[in-house]
Amino acid sequence: MNVNKKTVKDVDVNGKTCLVRVDFNVPIKDGVITDTTRIEGALPTIEYLRERGAKVILCSHLGRPKGEVNLKYTLKPAAVKLGEYLKAQVTFAADSIGAAAKKAIADAKPGDVVLLENLRFYKEEEANDKEFCRALSEGIDVYVNDAFGTAHRAHASTAGIVQYGFVKTAVSGFLIEKELKFMGGALDNPKRPFVAILGGAKVSDKIGVINNLLEKVDTLIIGGAMAYTFLKAQGKNVGASLCENDKLDLARELIAKAEAKKVKFLLPIDNKIADAFANDANQKITGGDGDIPDGWQGLDIGPKTIELFSGAIKTAKTVVWNGPMGVFEFENFAAGTKAVAEALSKTDAITIIGGGDSAAAVTQLGYADKMSHISTGGGASLEFLEGLELPGVACLNDR
Ligand code: AMP
């Protein structure tokens, strides 16, 4: 996928009506937004467009209303919060298409901001319905995508209105620009050594990512439950650890591919094991052979592995990390994940965190501002690392 895409800086937006797909899928409890990170993340693009005299029409989804109007999922609280940040009136349109949307768009003056109601009140949004795309594009001159979290979906607002040709000028906002710069840069032209760290529950979720990264990296580190499938494939005893027995052949193939490509493939050399899946289970560290006895399960990497993985991170010039090293939700099994986050916070390498759990871990530990880039999309960043085309990026105008 060509990632050299035009941004808001490459087009004249003065006096233009810009439809900006943002990610305002924020957690809301009793009408109050409990985490405003995503709204804050969208501010640079919105402010840039306002300053340059664009009419800024924002659209987003929120939650899963399943194609029906359900005011539990209204975006109105996001309009209020955004107005506070911008210190300006944000007009909330009670519909994303039709009369209410049309009127709000027609009344907008250069510099004004409108937020349309939740796109997913229409099933046509996710179905990428052509008529819905036509309705959404009415009166729109420029399409701006700044929602990386949905860029791997071909929905009406993420790709459709451009794919169907209803809007010709299509550019990225600053959030997507940064995603493409860092993740695209790492995949296309990384500073070496390039180290990738993958963790999490299942090998099967990340086969595509492992396959693609084996073409690019110098070292691939595997932790988390995923590692046990590889260890078992190498003939180790993994006890009651999470393990995908139907993926052992695949694991062996991936290890062979790493060897053929001369990619260093690092697996845990010791593990923190428990006699039950619980924070307060009996626990110990496996011995030198790394074997996990029957009735015990690996819930975190062990101290020697922490040293091994941290050492590899230290020598890297580019690091990509996706997925925890253990059951980090349990305090007693969070050490491996914390250690990787800490090692990343200390290196001068380009550090890229691929969304989801790893992003949450880095943020909770207070290391967020030490990372070069924390992706705003879990699923989208995985598909990107897999080398797949993201419709929400592919539809944007090439430079
Ligand atoms: P994923 O969504 O695939 O990135 O997986 C994240 C989940 O994997 C987290 O909820 C972790 O608790 C879980 N996980 C990581 N390591 C282990 C392990 N050793 N055993 C069981 N679950 C694990």
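For ligands, and for the atoms within them, numbers begin at 1 and follow the listed sequence. On a predicted model such as this, the values are computed, not experimentally measured, just so you know.
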task: Under the side chain to side chain contact (heavy atoms under 4.5 Å, CB included) rule, collect the residues that match up with L242, sequence neighbours excluded.
output: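 Per chain and number, L242 pairs via side chain to side chain contact (heavy atoms under 4.5 Å, CB included) with A201, A225.
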Set of residues satisfying side chain to side chain contact (heavy atoms under 4.5 Å, CB included) with respect to D270, sequence neighbours excluded: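 D270 satisfies side chain to side chain contact (heavy atoms under 4.5 Å, CB included) with I285, T286, P303, K304, T305 once adjacent residues are dropped.
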field: Any donor-acceptor N/O pair, S137 side chain to V167 backbone, under 3.5 Å
entry: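 Not a single qualifying donor-acceptor pair exists.
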message: Considering only residues two or more places apart or on different chains, which pairs with a residue in residues 305-332 satisfy ring pair (Phe, Tyr, Trp, His ring centres under 6.0 Å)?
response: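 Checked against ring pair (Phe, Tyr, Trp, His ring centres under 6.0 Å) - neighbours excluded - the pairs reaching residues 305-332 are F277-F330.
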query: Has K272 got its NZ or CZ under 6.0 Å from the middle of the six-membered ring of F333, at an angle within 45 degrees of the ring axis?
result: yes
task: Check the side chains of D129 and Y164 for a donor-acceptor pair under 3.5 angstrom, ignoring hydrogens and angles.
output: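 Their side chains do not contain a donor-acceptor pair, so the 3.5 Å distance test is not met.
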Which atom pairs, nitrogen or oxygen on both sides, join ligand 1 and the protein at under 3.5 angstrom?
unit_1   : atom_1 : unit_2 : atom_2 : d
ligand 1 : 3 (O)  : A201   : N      : 3.1
ligand 1 : 4 (O)  : K206   : NZ     : 3.2
ligand 1 : 5 (O)  : A201   : N      : 3.0
ligand 1 : 8 (O)  : A201   : N      : 3.4
ligand 1 : 10 (O) : E329   : OE2    : 2.5
ligand 1 : 12 (O) : E329   : OE1    : 2.6
ligand 1 : 12 (O) : E329   : OE2    : 3.3
ligand 1 : 16 (N) : A225   : N      : 3.2
ligand 1 : 19 (N) : G298   : O      : 2.9

